Each structure stands twice: as structure tokens, then as C-alpha cells.
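Numbering of ligands and ligand atoms starts at 1, following listing order. The residues of the chain are indexed from 1 along the displayed sequence. All values derive from a computational prediction rather than experimental measurement.
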Amino acid sequence: MPVQLDRGMTFIDYTDPSVPLGQHRMPLLGFGTWQIENDDAPQATATALELGYRHIDTATGYGNESGIGSALADSGVDRDAIFITTKLPPEHAGRERQTIEESLTKLGVDHVDLWLVHWPPNKQASPEVWAEVIKAQQDGLATNIGVSNYSLAQIDELTAATGVTPAVNQIRWSPGIYDASIAAGLAERGVVLEGYSPFKASNLNDPTLVQIAEAHDVTTAQVIVAWHVAHGFVVIPKSVRRERIEANAAGARVELTADEVAAVDSLGS
Ligand SMILES: NC(=O)c1ccc[n+]([C@@H]2O[C@H](COP(=O)([O-])OP(=O)(O)OC[C@H]3O[C@@H](n4cnc5c(N)ncnc54)[C@H](OP(=O)(O)O)[C@@H]3O)[C@@H](O)[C@H]2O)c1
């Protein structure tokens, strides 16, 4: 259903498809922002919002939250219509509350939709850090909370220590590194799998991807986005180029057959 904004322009609504996340939903397509400089973030984010993205992935460590915040403020899109993720740097363990408050100030919002522990602090699950993240959620600063770059065992450690399972694990993910046991392990625990670096972790000239792309008259990058969506994996491609920002989003609308999904899966084995 196209979204009509008050500037009189019609946008495609990419919040569908989405996955359930607590009481809410998480758009399967998001806009990745790592390596977008703060000065470039307003333009890139504004372009993504204009082209229909309603989910932005940032992090304290990316140094671009204030640039993204300025695009959010200028966009004219309702805050409730945008899913915003940011992340706690592992080295900020011990100053979790100050860190999320700074993120909220820079983003110009009173809560984020998802706050992630960016990496296991000192490579450890660190339930004491997770307990602080839970407190921030209880206080309404983050609607949903999760982790990034955690193993299944580390997720289990957090659950055992606190009784609260991360809602999301954001991990490096692509057809070439697809691991069905990780996907199944997260699904069993009710953890949404959010993939990062979908293109950087891929060979865009892979013959299987090329063949499927040709069959749909799309690019291999779009096949990779479509494959994530077919599985229900969240995908957050990054680009600073308008044509790619648009094309990557359109990949979420490409419907692969079950055989094509299986063929892409086989690249990971
Ligand atoms: N949690 C973590 O530890 C973690 C780690 C890494 C990333 N992430 C998140 O995941 C997001 C995505 O990952 P990523 O930025 O590492 O990599 P990516 O999205 O896989 O790839 C981005 C690179 O691919 C290029 N690109 C974009 N669209 C393309 C297309 N259609 N065809 C060919 N090349 C294309 C981009 O260049 P142009 O910009 O010039 O188009 C950029 O160089 C990040 O931005 C970040 O939000 C999280």
C-alpha cells in the first residue's frame, strides 16, 4: 500500500514485509549506514526515506547518529512509521545508560525501536551489560532489545542469567555463509536473525546468483535481498548511491521460487 506523505509525493511502503517483534513488527528491509560519514548521513538517509525505507540501522560506533537524526527530523515521516536501530559499543560497558541517552539526543527521538549490544564485550556474553540493556527497555528508552555478533551459546547465557532472551541477533550473513543450523538455532529461541554485509559477504558474480537474476531480469544484489526476505531474515543493505538505494529496496519485492531459494542456500554449504 503506497504511503502518502504531506509533501504530496507517493512512496512505496517497504515496511511490508516484516517480522513480529514483541508487540510490534520489524521491517525485513532496512537501510545500513556503516561507513556513511556524519556529513553524508542526512542526504543518504533522506534518500532512503524518500524511496520508501522505513527502517534505519545505525550504531554509536558509526558516528553518524546526529546526521541521521537531522534527516529524520526533516523527513516529514511520522516517528511511529520509522523503525530505528542503534547499538551499544562493547567498550561502553558500565556506561550503558549514558550511551543510549546520547544516542537518543543525537537521533532526536525519545526511544529507539531496537537497541543492540554491538559485540560481546571482551568476547564474553556479559549478562551484567545485558541487565542494563533490559533496564533501559523497562524505562522505555528502547522498545526492543537484542545483540549482535553473539553465538547461540552466548545468547543462552544471557537468557539463563536474566530470564530475558534477546529479540534479535544481528550477524554477518549472506548466501555464501548461510548456515541452516544457526538460522534454526535462532528460530528455536525466538530470536530474529538480522543479517549484515549482505553484499560484502557475497560474490556478486556467482553463477547461481547470475542465473537466478537473469531469470527475473534483476541484479544479483537484488536476488540476495530477495533471498533474505524469502527466509524471513532481516536485511540491511548500505549504499550512498540513489540508484542502488532504490534498486536494493526493490529486491525485497522479487519473489523467488522454492527451488531458487534452495539453490541459493546451497552456496553456503
Ligand atoms: N553489527 C555489526 O557488527 C555490523 C557490521 C557490519 C555492518 N553492519 C550493518 O549492516 C549494514 C550493511 O552492511 P555493510 O555496509 O557492511 O555492507 P553491504 O551492505 O553488504 O555492502 C555495502 C557495499 O556494497 C556497495 N553496494 C551497495 N549496493 C550495491 C549494489 N546494488 N551492487 C553493488 N554494490 C553495492 C556499497 O557501495 P556504495 O555505497 O558506493 O553503493 C558498499 O561498498 C551496515 O551498513 C551496517 O548498518 C553491522
Side-chain angles (χ1 to χ4, degrees), residues 26-41 43-45 47-48 51 53 55-65 67-68 71 83-92 103 107 112-121 123 133 145-151 154-155 166-178 182 186 191-206 209-210 213 216-229 233-254:
M26 180 174 189
L28 287 180
L29 175 76
F31 184 59
T33 68
W34 182 39
Q35 296 177 324
I36 300 181
E37 298 291 332
N38 198 50
D39 285 350
D40 299 329
Q43 177 66 55
T45 308
T47 302
L51 293 171
Y53 289 75
H55 167 188
I56 312 288
D57 182 81
T58 184
T60 293
Y62 299 171
N64 58 18
E65 290 174 309
I68 290 170
F83 189 102
I84 305 169
T85 300
T86 194
K87 312 187 191 84
L88 172 75
E91 63 273 18
H92 283 216
S103 288
L107 289 163
V112 287
D113 300 279
L114 180 61
W115 195 36
L116 304 176
V117 182
H118 204 150
W119 289 86
K123 301 189 177 172
V133 172
I145 52 174
V147 294
S148 179
N149 300 299
Y150 270 59
S151 67
Q154 288 174 324
I155 288 172
V168 172
N169 191 20
Q170 186 183 111
I171 53 175
R172 187 171 158 88
W173 198 246
S174 75
I177 54 175
Y178 172 66
I182 291 178
L186 290 172
V191 181
V192 171
L193 193 164
E194 177 173 21
Y196 71 70
S197 299
F199 307 141
K200 282 188 197 159
S202 293
N203 170 12
L204 294 176
N205 298 315
D206 177 274
L209 297 178
V210 169
H216 290 268
D217 198 18
V218 299
T219 65
T220 52
Q222 289 173 315
V223 171
I224 291 167
V225 172
W227 172 80
H228 281 77
V229 170
F233 304 142
V234 178
V235 59
I236 47 174
K238 170 265 176 186
S239 180
V240 291
R241 305 184 203 202
R242 185 183 178 90
E243 65 280 9
R244 285 181 174 173
I245 294 172
E246 185 166 25
N248 294 340
R253 297 284 174 200
V254 175

For this session: Can you sort out which atoms of ligand 1 are near W119, meaning under 4.0 Å from one of its heavy atoms?
Result: 3 (O)
Exercise. Considering K238, H118, R172, E246, which one's heavy-atom position lies nearest to atom 42 (C) of ligand 1?
Worked result: K238
Exercise. What protein heavy atom sits nearest atom 35 (C) of ligand 1, and how far off is it?
Worked result: R244 NH1, 3.5 Å
Exercise. Do you know which of L116, L88, I155 makes side-chain contact (heavy atoms from CB on, under 4.5 Å) with V147?
Worked result: I155
Problem set entry | Min N/O separation N149 to ligand 1 under 3.5 Å | yes
Exercise. Do E65 and T58 have side-chain atoms, one donor and one acceptor, less than 3.5 Å apart?
Worked result: no
Problem set entry | Contacting atoms of ligand 1, where contact means under 4.0 angstrom from a heavy atom of T33 | 45 (O), 47 (O)
Problem set entry | Winner among F199, Y62, Y196 once heavy atoms are compared against atom 46 (C) of ligand 1 | Y62
Exercise. Any idea which protein heavy atom is nearest atom 28 (N) of ligand 1, and the distance to it?
Worked result: N248 ND2, 3.1 Å
For this session: For P237, counting its heavy atoms only, list the atoms of ligand 1 lying under 4.0 Å from any of them.
Result: 19 (O)
Exercise. What atoms of ligand 1 come within less than 4.0 Å of a heavy atom belonging to A221?
Worked result: 30 (C), 31 (N)
For this session: Can you sort out which atoms of ligand 1 are near L204, meaning under 4.0 Å from one of its heavy atoms?
Result: 33 (C)
Problem set entry | Candidate list D113, I236, D57, test side-chain contact (heavy atoms from CB on, under 4.5 Å), partner T85, passing option | D57
Exercise. Is there any N or O on A201 that sits under 3.5 Å from an N or O of ligand 1?
Worked result: no
Exercise. Nearest protein heavy atom to atom 45 (O) of ligand 1, by residue and atom, and its distance?
Worked result: W34 N, 2.9 Å
For this session: Heavy-atom contacts with R241 under 4.0 Å: which atoms of ligand 1 show up? List them by number with element.
Result: 38 (P), 40 (O), 41 (O)
For this session: With heavy atoms of Q170 as the reference, note each atom of ligand 1 found under 4.0 Å away.
Result: 1 (N), 2 (C), 4 (C), 8 (N), 9 (C), 48 (C)
Exercise. Quick check: does P198 get an N/O under 3.5 Å from an N/O on ligand 1?
Worked result: yes
